[in-house]
2 protein chains.
Amino acid sequence: MSVSILDVAKRCGLSTVTVSRVINNTGNVREESRQKVLAAIRELGYTPNAAARSLVRGKTGLIGVVLPDLKGLYTSRVVVAAKAKLLEKGYFLSLFLFDDITREDNARYILDEQRVDGFFVIAPGLESPVLEKLKRYNLPVILLDNQYALADYPYVEVDDYLGGVMAAEHLIGLGHRQIGYIDGPNMLCCHERRAGAIDTLRKHGLRLLCEGGGDIYDFSVGYRVANRWIERGTIPSAVIGVCDSVAAGAIGAFKEHGYRVPQDISVVGFDNIPLYNNYSPRLTSVEQPVPTIAEKSVEMLLQLLAGRELTSRFLKLPPRLVVGESTRPVNS
Amino acid sequence: MSVSILDVAKRCGLSTVTVSRVINNTGNVREESRQKVLAAIRELGYTPNAAARSLVRGKTGLIGVVLPDLKGLYTSRVVVAAKAKLLEKGYFLSLFLFDDITREDNARYILDEQRVDGFFVIAPGLESPVLEKLKRYNLPVILLDNQYALADYPYVEVDDYLGGVMAAEHLIGLGHRQIGYIDGPNMLCCHERRAGAIDTLRKHGLRLLCEGGGDIYDFSVGYRVANRWIERGTIPSAVIGVCDSVAAGAIGAFKEHGYRVPQDISVVGFDNIPLYNNYSPRLTSVEQPVPTIAEKSVEMLLQLLAGRELTSRFLKLPPRLVVGESTRPVNS
DNA sequence: GTGAAAGCGCTAACAC
DNA sequence: GTGTTAGCGCTTTCAC
């Protein structure tokens, strides 16, 4: 078996309580005893058992992230950042794949058995069943990328509507009048971005040439839509892609047909993920404030863990327009 | 507080022991008592506490996956498949981001505190520090995508060399003589794929036109290398990309310059991930046996968990060539 | 079939 | 400062 606190106590001739005090820096321990304990710990290679600790403390020190897969570049950034923040606070991040929340066995391990003290949910498209499930539990939860406004769970979000506004205003400011928009799947963030763009154009008396993607958003979507426009001869002077990949796909189509970006057509993306940087000009992109998302959501979760009320339950963060080399004033 | 086994026992007028027996299907319990217990459990919404269980059983029921980020499409597939397999066996998969294994706090939570019964390591580029760390622990570990052959940890791998051979033979079989290869970063799998292709061509008295990528492999790499070939006028009649994204990037470059795939140039990728399916013709690709990887690695881990010796410590699985529409016989 | 008792490894409360 | 005692929630003997 592995070495326990009792072994350490025996080894250094003190009680388990004193050892515990040294480990946790609680209570007063004479420096001399302290050194003895530390020596014994080192010699034996002792480390506390998490299960025993969790049992007696009633908490695990583990924060879960519930997410559907590992595909997201954007997700990865947020999660990695949140992990680092939590580590500073003594919590550890553990990721759980929730491909199908409705399956009992999925829920059992994470929720029923109280393996985490709280968690983040990133589950685009899976919200309703996940949240349905969560109602029964009293665990602190922060939604990170929720797609339905329905829930009254606390969340941290990006103001996607504002993002749409920013993208549109940037292009209008450059003199563009014929602006195309390549849409993503039926998700809240896509709706918002599009709505922001549409409203902004309307304010200027313009109409958005908007065409939808399929049920995912990737390079192919941008490529296909842009090609459709080219075939039809309805080519805008500027295009907004619902994300950087889509924008890159559109650029791909334009390049193939001899249009240059940004000389002939300006293109704006979302997320500012440098995925196609050597393929297209560096994209002008609406960037998500990843560090702030991580920081704020961790802060909120820690508040809940401490049993405090949240000062603000719903946080909507502004994105930031990063101007690259894919946009320029319209040719007059 | 949450409801415990004692509450259930009181509620149904039986002892905690009997309740435990019902929960775990161990020992004999009269059907009548059994029903009483189940009713009480249902009424109280009882679920066993994982910490208490782990403590007494000496195991957690959790399997960890150590991985550097969440970016991998291929990784995602493997992990999702492994998760499902493990669930069948009563284990749950928990992912841990090990961005920097050398940091003490990272290791402490996962390893020292015995939070998992065993784990998989997917850590391209991080092997040596990770494995260094692991030596101290006696936890069952299976390497899933290791890049250095150095370790004597059990692993499940794909025979990438064979994959390179398959890709090359396919093209040679179609009559191609000028074959280009677009390489990836300095990792074992890339070396192997390339070596397989080179050796195969050599056997046929041919030389591979091989050009390297940067430190990642993505669309841009394929695009850049193919463009270089076009500029130089050294355009092969067939191209192998170290992965599907790279292959797609090459196709992008060809398309832009008026070359058609597969009519003018054949292209083969690796991984068979349908990422650019609406952009390029459906790729001919060397597919990894994801379900088998998951199945076998789980099987091996379970063997280790059961304290048994592994029948085979090192498993190298053959990939499979999936012929799509991006390759055809060379124009004579 | 069922339950009483003991114990997994740790910490909090209370003495000394 | 330090140790004794008790108990977190559960399972595993071992009686009955």
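Chain identifiers are assigned alphabetically (A, B, ...) following the order of the sequence lines, protein sequences preceding nucleic acid strands; residue numbering begins at 1 within each chain. Please read all numbers here as calculations on a predicted model, not as lab measurements.
At whole-Å resolution of the value, CG in A:Leu44 and C1' in C:dG9 are 15 Å apart. Between the CG atom of A:Leu55 and the P atom of C:dC8 there is a distance of 13 Å, rounded to whole Å. Atom NZ of B:Lys10 and atom P of D:dG9 are 11 Å apart (whole Å).
Counting only heavy atoms from C-beta outward, the side chains of A:Leu305 and A:Tyr91 approach each other to under 4.5 Å. When side chains are defined from C-beta on, A:Pro48 does not count as touching A:Ile5, because their heavy atoms never get closer than 4.5 Å.
A:Glu31 and A:Gln35 are linked by a side-chain donor-acceptor pair at a separation below 3.5 angstrom, with hydrogens and angles left out of the test.
Between the side chain of B:Asp117 and the main chain of B:Ile63, no donor-acceptor pair closer than 3.5 Å is present. Between the side chain of B:Thr60 and the backbone N or O of B:Arg115 there is at least one donor-acceptor pair closer than 3.5 Å. Side-chain atoms of B:Lys296 do not come within 3.5 Å of backbone N or O of B:Leu315 as any donor-acceptor pair.
Rounding to the nearest 0.5 angstrom, the gap separating the CG atom in B:Leu6 from the CZ atom in B:Arg11 is 14.0 Å. For the atom pair CG (A:Leu304) and CZ (A:Arg313), the distance works out to 8.0 Å, reported to the nearest 0.5 Å. Rounded to the nearest 0.5 angstrom, B:Ile23 CD1 and B:Arg53 CZ are separated by 6.0 Å. Once rounded to the nearest 0.5 Å, the distance linking CD of B:Glu295 with NZ of B:Lys85 reads 5.0 Å.
A heavy-atom distance below 4.0 Å to DNA chain C is reached by none of the residues of residues 28-41 of chain A.
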Quick one: what's the B/S/- string for nucleotides 10-16 of chain D, heavy-atom cutoff under 4.0 Å, read 5' to 3'?
BBB-B--

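Comparing the helix axis at one end of the helix from C:dG1-D:dC16 to C:dC16-D:dG1 with that at the other, each defined from 5 consecutive pairs, gives an inter-axis angle of 40° (nearest 10°).
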